[in-house]
Amino acid sequence: MSYNLKLLESFDPNTYNNSLTSGQNLSVISPNITSELTEPLTRTNNRSSSSNEVLNITESTNSTHISTFQNNDLLTQIDVSQEGQESTHSVFENYLYAAYSANDSSNPLSTTSINPIFTNFSVFDASGDNTSTSVFESGALRLSYNLANAVSLSNVRLEALLSDRVVSTLGSWNEANLSNELINLASFANFTGGSYQLRAVVRTTNDQEFSSASQAMNVLSWNRLNGTFTGETIDYTPELGTGAVIMGRGGTDTLNLSGIFPSNITSINGISLAAFNPLSGSTTNQAIFGGTAFDYINLADGREIYLQGIERLRFSDSSIFELQVRTNDTFFGSQWNLHISDVGSAWRFTQGVSNVLLASLDTGILTAAGASGDIVDIATNRLITDPSDDDNFNNYGHGHSAISIMSSTANNSSGISGINWNSSVYVNDVYRGVSLQQAIRDTINYARARNQRVVFQGGIQGNWFSSGGTREQLEQLIRDNSDIAIFAIAAGNGGPGGNLSDSNYLTSVSGVAQLETTHDNMISVGALRNTSATTKINGLTNATSVNIASYSNRGSNLTLMAATDSPAMDKFGSMRFFGGTSAANPNMAGIASLVWSVNSNLTGGQVRQILTDTAMDLGTPGRDNSFGYGLVNADAAVRRASALQRSSDLASLYSGRSIFV
């Protein structure tokens, strides 16, 4: 049997590797060879321990001369046909491997007539940050390898060595070829911070083992700092170690980088500080870790910082670096609803897309002929209306205000900033125009014809189950369209100070919102009030204390909270603080539309799951009947959706409340 050996670098035939007999030696031939050799290699198992034969490969016109050295019977088939392998070693080292007996603690080299060999081996950090040979503790790795002569393969394992000692086996596979296999390091408690060598080891069916070249991997131990819904300053110090995870959460948060100057940062998300623009490419590169996406900062001394929910960086020279998106709209600073839910940070990922459709189940938006009022601060070319959409239910435009929160034109130096800047809005007047079921059906037909996902905001409370059909028909309509539709419906204003008297307001949400229990694409939305004095951070109104509005329905079927008393434009061109649960649900719908804008592969139920998984906990730890799963967080939700879009298998290692919240 003949074996083909292509070697790529210069070779001194007199070179002898004195470390070759070591159990930890990973390459058995000096990596300085340029010859292409073809000759049968013969197994010799009867050599005595006193043999002084030395492996010697010389180049000849017609033959290859091979001898053996003490205790090192070598037989490999090498066919090097690839260049530029992902390794810090030479190309040759990626393909020359040691063979040793699996049953001998000293790992002496052994031989076989058909030896599996690695023609490729690479392992790297799966996070996607720009340090492929550095991984966070409990992060993940990607493994690839290819074997030739694998007919005798039993298994391949990945070993981690620390100070030349195997400290962990990170998995075992039976395939001869593996590509981008994901290894969850959270499963290996002893794989902690340190500088490791990783190698693949193949075992044959006759219990021989062959090792790949090794690859360095630095594992970073890390600490975590958490913010809250309030705007705050979080201090980063060197004591946090080589790795750090900073979770700002809600509010306008500043990361104070103690002892760090702008010149100490080599990159943020793989680009320089000078090239960073919040609205242009700032999230193209993200680190996927713990089921979500992080900004990452690399320091010149090797430290790494993962962060999300952070709006500003402050350096030791007191300079400020802005991360969030700010608009020039007149009342943007007063939009506490945006700032508490980190919408300005979510805008870095998306401002809404055309294949997502917003829909209003409310009082319409048009003004009847001869009446006063108009469409204000909302681009009319984004509105899908018909003559039934006259907003004459009240004197200021209830539907107009709700749509304003979702869709007001941003950066036009007037009015407010809508949560979604781009998606169209299908307007329905379900109070005096069409029935609820007809409105839902019309909107979904429109969306399906255009391959859109649709997010409904419903300023409806009380008994709407029979509007346009039976309750069973309504439920079927919601269920049948869970693949492309999600509903954010007001929990109801049944408590003190509300406009709907509901004796059960403490134990149940109102009307259609109750379907959140049986339909995973239904969100019942409670109203959260800012109960603090006005607090400005960098010109933006933040809340330091919040509570559920006294009128807001609650109970075991309350899903989530969103801000009420939100700045909105009415049909007369005035800014008003739009209140009630009627203001909470357009906030929720707008944020849900951003989630779908970054990941259109999600179903309505999956969008709701992301919103609940990433919500900021309020009240009693965990879900409770006063706040549901907590306050919706746009940045965290969009990051989770983005992580699932970019690296589904990696992000899916974590689910539910196990992801970073």
Side-chain angles (χ1 to χ4, degrees), residues 1-9 24-29 31 33-38 41 74-100 102 107 109-126 128 132-133 135 140-161 166 168-185 196-217 647 649-650:
M1 182 175 293
S2 66
Y3 297 85
N4 186 39
L5 177 58
K6 290 183 182 177
L7 305 173
L8 301 181
E9 298 180 330
Q24 299 302 324
N25 183 50
L26 300 178
S27 66
V28 298
I29 305 175
I33 304 176
T34 57
S35 58
E36 180 175 315
L37 310 175
T38 303
L41 299 180
L74 172 67
L75 189 61
T76 55
Q77 178 194 12
I78 310 295
D79 187 353
V80 179
S81 59
Q82 302 180 35
E83 297 184 11
Q85 299 299 318
E86 294 181 22
S87 173
T88 57
H89 301 277
S90 71
V91 173
F92 181 84
E93 287 177 46
N94 279 331
Y95 302 99
L96 294 185
Y97 310 96
Y100 58 86
N107 294 342
L109 297 178
S110 183
T111 64
T112 183
S113 59
I114 300 178
N115 289 340
I117 55 124
F118 290 90
T119 59
N120 173 55
F121 167 69
S122 68
V123 60
F124 57 91
D125 175 21
S132 62
T133 59
V135 63
L141 298 173
R142 295 276 186 191
L143 169 67
S144 297
Y145 65 77
N146 298 102
L147 285 173
N149 285 352
V151 292
S152 60
L153 171 66
S154 175
N155 60 67
V156 179
R157 67 181 183 270
L158 181 66
E159 292 182 340
L161 292 82
V166 176
S168 186
T169 298
L170 304 178
S172 178
W173 301 267
N174 298 319
E175 295 88 352
N177 300 288
L178 205 65
S179 179
N180 285 323
E181 178 75 2
L182 188 63
I183 302 170
N184 186 2
L185 298 181
Y196 295 83
Q197 293 290 321
L198 303 183
R199 70 182 181 189
V201 178
V202 57
R203 170 175 283 189
T204 67
T205 53
N206 61 353
D207 290 334
Q208 289 182 310
E209 294 190 341
F210 298 82
S211 173
S212 73
S214 66
Q215 183 170 317
M217 184 62 62
S647 187
D649 60 342
L650 176 58

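We number each residue from 1, following the sequence as shown.
- Val156 approaches Ala200 most closely through the heavy-atom pair CG1-CB, 4.2 Å.
- At least one side-chain heavy atom of Phe210 sits under 4.5 Å from a side-chain heavy atom of Thr204.
- To the nearest 0.5 angstrom, Gln208 atom CD is 12.0 Å from Ser154 atom OG.
- If you take CG on Leu170 and CG on Leu198, they are separated by 6.5 Å, rounding to the nearest 0.5 Å.
- In terms of heavy-atom proximity, Arg199 sits nearest to Leu158 at O-CD1, 3.4 Å.
- Nearest approach of Ala160 to Tyr196, heavy atoms of both residues: CB-CD2, 4.1 Å.
- The distance from the CG atom of Leu147 to the OG1 atom of Thr119 is 7.0 Å, given to the nearest 0.5 Å.
- Counting all heavy atoms, side chain and backbone alike, Ser152 lies closest to Pro116 at OG-CD, 3.8 Å.
- When all heavy atoms of Ser211 and Phe118 are compared, the pair lying nearest together is C-CE1, 4.1 Å.
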What donor-acceptor contacts under 3.5 angstrom involve side-chain atoms of residues 172-185, with partners at least two apart or in another chain?
{"unit_1": "Trp173", "atom_1": "NE1", "unit_2": "Glu181", "atom_2": "OE2", "d": "3.1"}
{"unit_1": "Asn177", "atom_1": "OD1", "unit_2": "Asn146", "atom_2": "ND2", "d": "2.8"}
{"unit_1": "Asn184", "atom_1": "OD1", "unit_2": "Ala186", "atom_2": "N", "d": "3.1"}

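- Considering Leu153, Asn149, Ile117 as possible partners of Val202, the one that fulfils the side chain to side chain contact (heavy atoms under 4.5 Å, CB included) test is Leu153.
- Partners of Ser132 under the side-chain contact (heavy atoms from CB on, under 4.5 Å) rule, at least two apart in sequence or in another chain, are Phe124.
- Here the side chain of Glu159 pairs no donor or acceptor atom with the backbone of Val166 at under 3.5 angstrom.
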